[in-house]
Amino acid sequence: MAQLIDGKAVAARVRAEVKAEAERLKAERGLVPGLAVVRVGEDPASKIYVTGKKKAAQELGFNSWEHHLDASISQAELLALILGLNADSAIHGILVQLPLPKHIDAELIISAVSPEKDVDGFHPMNAGLLSLGKPGLRPCTPFGVMRLLEEVKCEPSGKRAVVVGRSNIVGKPMALMLLQADATVTICHRKSDLPREVGLADILVVATGVPELIKGEWIKPGAVVIDVGQNRKTDGKLVGDVEFQAASQRASAITPVPGGVGPMTIAMLMRNTLTAATGGV
């Protein structure tokens with residue numbers, strides 16, 4: 001059986017590190033990291049995510065604000081709010097919770113956030129810095145995956161890494177971070193020969209949103225498997241993008257769902273907010 005990669009435990013360690021650094025920052029410089037979260041409408045999942053982010057910020061001693069706006073807000077009004085948050089020196093991190101209503105251009109809103117306050121790591125400037133291998137705020141989920149690999153002493157250098165999924169939020173930045181760590185990286189998508197490509201992976205990261213797409217029998221013996229997916233089946237069970245039971249018979253280490261990558265996303269958001277407060281990218 002594969003080693004279970006306990007994302008809850010690693011996330012707790014990251015939060016403890018961030019809390020200690022935030023306390024030192026307050027004591028030495030009188031500076032308290034500030035996180036502003038913008039939520040538009042009543043999407044139930046967004047409400048849960050935002051509540052979790054606010055709670056984490058408060059537990060770490062950060063200042064936090066939630067701007068909950070009606071779904072009918074105009075794009076101009078939302079842009080004006082973002083520009084106001086950019087100008088507020090007490091706010092170091094701005095997070096716009098997605099999805100946004102259809103009448104609002106999400107890319108325009110994300111691009112309006114100051115790159116220095118873009119703690120989601122989605123701004124085109126931060127995406128460009130990542131592609132160039134330059135310091136910048138990193139997307140939280142792939143940033144968390146890199147920490148999980150570090151925790152299980154999986155050194156990407158020289159290994160073959162396969163990323164299944166090419167989203168701007170997870171897949172593409174994940175591939176770039178692994179490449180920066182000197183892995184040989186393949187990105188797979190719906191046109192890829194998944195059984196063949198997955199079978200070559202020393203490190204496999206899957207983020208597709210398709211329940212149990214990756215079959216356990218495809219996994220290379222000894223591979224490290226990171227399952228980013230969280231899917232609710234018709235019976236209510238939460239499963240990942242990887243066929244967990246079969247995969248865990250072949251992998252050397254694997255993330256469970258839930259309790260794997262999920263907790264890391266908020267932990268790394270807090271890390272990014274602290275980084276933004278100190279200007280330490």
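Because the structure is predicted, anything quoted here is derived from the model rather than measured. The first residue of the sequence shown is numbered 1, and numbering continues consecutively from there.
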K.L.:
Got a second to check how far D120's CG is from N126's CG, nearest 0.5 Å?
P.N.:
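It is 10.5 Å, given to the nearest 0.5 Å.
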
K.L.:
Just jot down the salt bridge (Lys or Arg N to Asp or Glu O under 4.0 Å) partners of D202, sequence neighbours excluded, or say none.
P.N.:
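With sequence neighbours excluded, D202 shows a salt bridge (Lys or Arg N to Asp or Glu O under 4.0 Å) to K220, given in chain and number order.
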
K.L.:
Of all residues at least two apart in sequence or in a different chain, which pass the side chain to side chain contact (heavy atoms under 4.5 Å, CB included) check with D105?
P.N.:
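With sequence neighbours excluded, D105 shows a side chain to side chain contact (heavy atoms under 4.5 Å, CB included) to Q75, E107, L108, given in chain and number order.
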
K.L.:
List the atom pairs, donor and acceptor, that lie under 3.5 Å between side-chain atoms in residues 243-262 and the rest of the protein, sequence neighbours left out.
P.N.:
residue, atom, partner, partner atom, Å
E243, OE1, G216, N, 3.0
S248, OG, F244, O, 3.2
S248, OG, Q245, O, 2.8
R250, NE, I219, O, 2.7
R250, NH2, I219, O, 3.0
S252, OG, G222, O, 2.8
S252, OG, A223, O, 3.3
T255, OG1, D227, N, 2.8

K.L.:
Using 0.5 Å steps for rounding, measure from the CD atom of Q97 to the OG atom of S46.
P.N.:
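Between Q97 CD and S46 OG, I get 4.5 Å after rounding to 0.5 Å.
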
K.L.:
In the single-linkage hydrophobic clustering (I, L, V, M, F, W, Y; side-chain heavy atoms under 4.5 Å), do V119 and Y49 co-cluster?
P.N.:
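Hydrophobic grouping puts V119 apart from Y49.
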
K.L.:
Mark yes or no for whether D241, through its side chain, and T208, through its backbone, hold a donor-acceptor pair below 3.5 Å.
P.N.:
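Here the side-chain-to-backbone pair exists.
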
K.L.:
Shortest non-hydrogen contact from A161 to L178?
P.N.:
CB-CD1, 3.9 Å

K.L.:
Between I169 and P139, which heavy-atom pair has the shortest distance, and what is it?
P.N.:
O-CB, 3.8 Å

K.L.:
Closest approach of I91 and G93, non-hydrogen atoms and distance?
P.N.:
CG2-O, 3.4 Å

K.L.:
Once side-chain hydrogen bond (donor to acceptor under 3.5 Å, both in side chains) is applied, do any residues pair with H189, and if so which ones, sequence neighbours excluded?
P.N.:
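Result, side-chain hydrogen bond (donor to acceptor under 3.5 Å, both in side chains) vs H189: none returned.
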
K.L.:
Could you check whether any side-chain N or O of K134 sits under 3.5 Å from a backbone N or O of L130, counting only pairs where one atom can act as donor and the other as acceptor?
P.N.:
no

K.L.:
Do any N or O atoms from the side chain of D70 and from the backbone of I73 form a donor-acceptor pair under 3.5 angstrom?
P.N.:
no

K.L.:
Where is the tightest heavy-atom contact between G7 and L148, given as atom of each residue plus distance?
P.N.:
CA-CD2, 4.1 Å

K.L.:
Would you confirm whether K191, through its side chain, and C188, through its main-chain N or O, come within 3.5 Å as a donor-acceptor pair?
P.N.:
no

K.L.:
Atom CD1 in I104, atom CG in L69: separation rounded to 0.5 Å?
P.N.:
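Output value for this atom pair is 8.5 Å.
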
K.L.:
For H68 and E42: C-alpha separation, side-chain torsions, deciding distance, then whether side chain to side chain donor-acceptor pair (under 3.5 Å) applies.
P.N.:
CA-CA 9 Å; H68 181 204; E42 297 296 340; 3.3 Å; yes

K.L.:
My understanding is that only residues two or more places apart in sequence, or in another chain, count here; which of them pass side-chain hydrogen bond (donor to acceptor under 3.5 Å, both in side chains) with S157?
P.N.:
none

K.L.:
Taking side-chain hydrogen bond (donor to acceptor under 3.5 Å, both in side chains) as the test, write out the residues that go with E17, two or more places apart.
P.N.:
R147

K.L.:
List the atom pairs, donor and acceptor, that lie under 3.5 Å between side-chain atoms in residues 54-64 and the rest of the protein, sequence neighbours left out.
P.N.:
residue, atom, partner, partner atom, Å
K54, NZ, E66, OE1, 3.2
E59, OE1, R15, NH1, 3.4

K.L.:
Starting from M146, can I reach L204 by hopping between I/L/V/M/F/W/Y residues whose side chains sit under 4.5 Å apart?
P.N.:
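No, separate clusters.
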
K.L.:
Looking at residues at least two apart in the chain, or sitting in another chain, which of them share a salt bridge (Lys or Arg N to Asp or Glu O under 4.0 Å) with R232?
P.N.:
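Not a single residue meets the salt bridge (Lys or Arg N to Asp or Glu O under 4.0 Å) criterion with R232.
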
K.L.:
With a 4.5 Å limit on heavy-atom distance, are the side chains of T275 and L137 in contact?
P.N.:
yes

K.L.:
For side chain to side chain contact (heavy atoms under 4.5 Å, CB included), just list the numbers for R39 and H67, CA-CA rounded to whole Å, side-chain angles, deciding distance to a tenth of an Å, and then say yes or no.
P.N.:
CA-CA 6 Å; R39 178 165 68 95; H67 297 268; over 6 Å; no

K.L.:
Quick one: pull up CG in L213 and CG in N231 and give me the separation to the nearest 0.5 Å.
P.N.:
9.5 Å

K.L.:
Look at the side chain of H92 and the backbone N and O of E116, then say whether any donor-acceptor pair between them is shorter than 3.5 Å.
P.N.:
no

K.L.:
Output the distance between atom CZ (F122) and atom CG (L98), rounded to the nearest 0.5 Å.
P.N.:
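Reported to 0.5 Å precision, the distance equals 6.5 Å.
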
K.L.:
So do the side chains of I5 and I226 get within less than 4.5 Å of each other, counting heavy atoms only?
P.N.:
yes

K.L.:
With sequence neighbours excluded, what pairs up with A76 under the side chain to side chain contact (heavy atoms under 4.5 Å, CB included) test?
P.N.:
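S74.
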
K.L.:
Heavy-atom distance under 4.5 Å between the side chains of V14 and M264, does that happen here?
P.N.:
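Heavy-atom side-chain distance check passes, below 4.5 Å.
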
K.L.:
Give a yes or no on whether V225 and M174 share a hydrophobic cluster (residues Ile, Leu, Val, Met, Phe, Trp, Tyr; joining criterion: side-chain heavy atoms under 4.5 Å apart).
P.N.:
no

K.L.:
My understanding is that only residues two or more places apart in sequence, or in another chain, count here; which of them pass side chain to side chain contact (heavy atoms under 4.5 Å, CB included) with A9?
P.N.:
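In terms of side chain to side chain contact (heavy atoms under 4.5 Å, CB included), with neighbours along the sequence ignored, A9 is linked to D6, R13.
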
K.L.:
Minimum heavy-atom separation for R160 and L200, please, with both atom names.
P.N.:
CD-O, 3.1 Å

K.L.:
With a 4.5 Å cut-off on side-chain heavy atoms, are E212 and V242 touching?
P.N.:
no

K.L.:
Are any side-chain N or O atoms of H123 and backbone N or O atoms of P115, one a donor and one an acceptor, separated by less than 3.5 Å?
P.N.:
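A pair under 3.5 Å: no.
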
K.L.:
Linking I/L/V/M/F/W/Y whenever any side-chain heavy atoms sit under 4.5 Å apart, do V198 and I187 land together?
P.N.:
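Different hydrophobic clusters.
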
K.L.:
Which atom pairs, one a donor and one an acceptor, fall under 3.5 Å between side chains of residues 78-90 and the rest of the protein, sequence neighbours left out?
P.N.:
residue, atom, partner, partner atom, Å
N86, OD1, S114, N, 3.0
N86, ND2, A112, O, 2.9
D88, OD1, A90, N, 2.9

K.L.:
Show the atom names and distances, to 0.1 Å, of all donor-acceptor pairs under 3.5 Å that link a side chain in residues 18-38 to residues at least two apart or in another chain.
P.N.:
residue, atom, partner, partner atom, Å
E21, OE1, R271, NH1, 3.0
E21, OE2, R271, NH1, 3.4
E21, OE2, R271, NH2, 3.0

K.L.:
Could you tell me whether a side-chain N or O of N272 sits under 3.5 Å from a main-chain N or O of G121, the two making a donor and an acceptor?
P.N.:
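Pair absent, no side-chain N/O of N272 close to backbone of G121.
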
K.L.:
Atom NZ in K117, atom OG1 in T273: separation rounded to 0.5 Å?
P.N.:
11.5 Å

K.L.:
Specify the closest pair of heavy atoms between P263 and K8, including all atoms of both residues, with the distance to one decimal.
P.N.:
CG-CG, 3.8 Å

K.L.:
Grouping I, L, V, M, F, W and Y whenever their side-chain heavy atoms are under 4.5 Å apart, do V224 and V162 come out in a common cluster?
P.N.:
no

K.L.:
Is any side-chain heavy atom of V206 closer than 4.5 Å to a side-chain heavy atom of V228?
P.N.:
no

